[in-house]
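Read through the structure below, which is laid out as structure tokens, and then see the notes.
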Amino acid sequence: MSSTNGSAAKRIDALLDEKSFVEIGAKVTARSTDFELKQTDTPSDGVVTGYGTIDGNRVYVYSQDAAVLGGSIGEMHAKKIVNLYDLAIKTGTPVIGLIDSTGVRLQEATDALNSLGEVFYKQAMAKGLIPQITAIFGNCGGGLAMIPSMTDFTFMEEKNAKLFVNAPNTLDGNSAEKNDTAAAAFQASEAGNVDFVGDEASIMAQIRELISMIPQNNEDMAVVDSEDDLNRKVADAAACIGDTSILLSNIADDNNFVEVKADYAKDMVTGFIRLDGLTVGCVANRTEVIGDDGKAAEKFDAVLSAKGCAKAADFVDFCDSFGIPVLTITNVKGYEATICSEKKIAKAAANLMNTFANCDVPRVNLITGKALGSAYVTMNSKAMGCDLTFAWEGAEIGTMDAKMAAKLMYEGQGGEVIEAKAKEYAALQNSAESAARRGYVDNVIAPEDTRKHLVYAFEMLYA
């Protein structure tokens, strides 16, 4: 237990395995004496640091104490975090930061500012070496907002947490009442800066689940024993073609899918599953969100959006850094056609292709519906270096919709001719079977056999 008794220490105790926390730097206090700081008690200089375990997995953790100078970052406060990062990088251990701070400590001015820069530097040096996670429970504003932005995953308390570079009231034409740009809802669904939102208890549970799913470092292997049947049929797989988050849950060990950025760019699903105990990163197109009542709450066209591509690229980059194999589920016929999208979609899609092309981990692509045009190429196709491609029976793979192709090739030749040629084109050029004959698909499978094929594919590729 920490030498402080505030929310900072309680949050650590709630996060870690019982009695596993060992504090580092408990006696550190503020060094500066300017502006009456000498007369102010600063236990642990406003941040509790140390290490412990989550389900037996070691983690380093720091937790800011808002009761001590607002949890502001001063010179010694930052040095404690930097020291924690040094130890984490040396030992190959994840770092979890619990944020609740008013920002840079004004009384320490440039000393505090320089020390914050040193925290940023250590975060940059740790990128791709160890997982970095932050959870925001109070304020995280101004320059401090870069800390969660530089980590791999960000959690945010749904009611009281605030994340912002510029406060809502400082934005032209805006206010907190009009649009609270600092709130969790905005940061998760509009900005895409937050991966998980919930109350404090659910956040702790979600962090624990995530830590158990991902590797400890870039040389670790994320695999556990599984008792789920490797050959288990997924009876309702075909019914999940629209909401691929449900499909991923159905094919996963114990039906457990940990979704990342669930509220952002919902046309693209990202997250983790286990297949026979092996953690697999998943990227999937989605055309609908099924609500608790079993009905479609939201619908999307089967297209790639700029936000969806950016979301997928960031996720695949994390998987590549930490040796996590990638599964893609493809059901796409083109790109989002709006003025807003047109400004960004080419660059975003190109970045996603670059990410796939330079990805060294095993990759499998499952085509469930449409795979048309260059949007299909973008989604982890054979051309982008995918190792194995499966297609469901009835999937469409080609340059464009068969009827549209027939109209272009046989313009002016009447409806009957176009209809006949569309059927011919679908069979010869647009079917999963035709793609398999050309080697672009490795196997055409029944939807209910999806889990079996994916398990054996990743076991073969990861051997």
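Nothing fancy with the numbering, it's 1 onward along the sequence.
Between L461 and L388 the shortest heavy-atom distance is CD1-CD1, 4.2 Å. Closest approach of P94 and I211 over heavy atoms only: CB-CD1, 4.1 Å. Annotation for L304 and M268: closest pair CD2-CE, 3.8 Å, computed over non-hydrogen atoms. When all heavy atoms of T49 and L84 are compared, the closest pair comes out as CB-CD1, 4.1 Å. F257 approaches S249 most closely through the heavy-atom pair CB-OG, 3.4 Å. In terms of heavy-atom proximity, C319 sits nearest to F272 at SG-CE2, 4.2 Å.
In this structure the side chain of V289 reaches within 4.5 angstrom of the side chain of F300, judged on heavy atoms. Contact of the Q132 side chain with the Y85 side chain is registered, since non-hydrogen atoms from C-beta on lie closer than 4.5 Å. You'll find the side chain of I89 reaches within 4.5 Å of the side chain of I130, heavy atoms only. Side chains of K80 and Y62 form no contact here, defined as non-hydrogen atoms less than 4.5 Å apart. Within the 4.5 Å cutoff, the side chain of I251 has heavy atoms near those of the L327 side chain. You'll find the side chain of T170 stays beyond 4.5 Å of the side chain of F164, heavy atoms only. When side chains are defined from C-beta on, L454 counts as touching F390, because their heavy atoms get closer than 4.5 Å. Looking at heavy atoms from C-beta onward, T91 lies in side-chain contact with R58 at the 4.5 angstrom threshold.
S341 places no side-chain N or O within donor-acceptor distance of the main-chain N or O of A337, the cut-off being under 3.5 Å. Under a 3.5 Å cut-off, the side chain of R363 and the backbone N or O of N380 do not form any donor-acceptor pair. The backbone N or O of P168 lies less than 3.5 Å from no partner atom in the side chain of D180, so there is not a single donor-acceptor pair. E209 places no side-chain N or O within 3.5 Å of a backbone atom of V258 that could act as its donor or acceptor partner. In this structure, D254 contributes its side chain and N256 its backbone to no donor-acceptor pair below 3.5 Å. The backbone N or O of K266 lies less than 3.5 Å from a partner atom in the side chain of R286, making a donor-acceptor pair. Between the side chain of Q123 and the backbone N or O of I147 there is at least one donor-acceptor pair closer than 3.5 Å. Proximity of a side-chain donor or acceptor of D253 to a complementary backbone N or O of S226 within less than 3.5 Å is not detected. Of the possible donor and acceptor atoms, none in the side chain of T270 sits under 3.5 Å from a partner among the backbone N and O of A312. Using a distance-only test at 3.5 Å, with no hydrogens or angles considered, no donor-acceptor pair links the side chain of N139 to the main chain of K162.
We find that D225 and R274 are not joined by a salt bridge, their nearest charged nitrogen and carboxylate oxygen being 4.0 Å or further apart.
The CG atom of N351 sits 13.5 Å away from the NZ atom of K344 when rounded to the nearest 0.5 Å. The OG1 atom of T93 lies 10.0 Å from the CG atom of N57; values are rounded to the nearest 0.5 Å. A distance of 11.0 Å separates CE of M156 from CZ of F137, quoted to the nearest 0.5 Å. Atom CE of residue M204 and atom CD1 of residue I54 lie 9.5 Å apart, to the nearest 0.5 angstrom. One distance of note links CG of N179 with CG of N174; it measures 5.0 Å at 0.5 Å rounding. Note: S20 OG to D13 CG = 8.5 Å, rounded to the nearest 0.5 Å.
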Handout entry: Residues N365, T330; criterion side chain to side chain donor-acceptor pair (under 3.5 Å); working and verdict
Key = CA-CA 7 Å; N365 187 23; T330 299; 2.8 Å; yes
Exercise for the section: Applying side chain to side chain contact (heavy atoms under 4.5 Å, CB included), run through V361 and D320 and close with a yes or a no. Expected result: CA-CA 6 Å; V361 297; D320 188 37; 3.9 Å; yes
Practice task
Verify side chain to side chain contact (heavy atoms under 4.5 Å, CB included) between V61 and F21, making sure each step is shown before the conclusion.
Solution key: CA-CA 9 Å; V61 60; F21 181 60; 3.8 Å; yes
Problem - Trace of the side chain to side chain donor-acceptor pair (under 3.5 Å) decision for T355 with D317 - result: CA-CA 7 Å; T355 304; D317 185 58; 5.9 Å; no
Practice task
Take S305 and D267 through the test side chain to side chain donor-acceptor pair (under 3.5 Å) and record every step on the way to the result.
Solution key: CA-CA 8 Å; S305 67; D267 56 288; 2.8 Å; yes
Handout entry: Trace of the side chain to side chain contact (heavy atoms under 4.5 Å, CB included) decision for N218 with F322
Key = CA-CA 4 Å; N218 66 335; F322 289 95; 4.2 Å; yes
Practice task
Check the pair N231, Y456 against side chain to side chain donor-acceptor pair (under 3.5 Å), reporting the backbone distance first and the verdict last.
Solution key: CA-CA 9 Å; N231 300 305; Y456 293 131; 2.9 Å; yes
Handout entry: T154 and Q187: CA distance, side-chain angles, deciding distance, side chain to side chain contact (heavy atoms under 4.5 Å, CB included) verdict
Key = CA-CA 10 Å; T154 301; Q187 290 294 330; over 6 Å; no
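Within 6.0 Å of the CD atom in E298, the count of heavy atoms belonging to other residues, nucleotides or ligands exceeds 12. Under a cut-off of 6.0 angstrom, the local environment of CZ in F318 is crowded, with over 12 non-hydrogen atoms contributed by other residues, nucleotides or ligands. Within 6.0 Å of the NZ atom in K127, the count of heavy atoms belonging to other residues, nucleotides or ligands exceeds 12.
Screening residues 305-314 for salt bridge (charged side-chain N to carboxylate O under 4.0 Å, His left out) gives no qualifying pairs among residues at least two apart or on separate chains.
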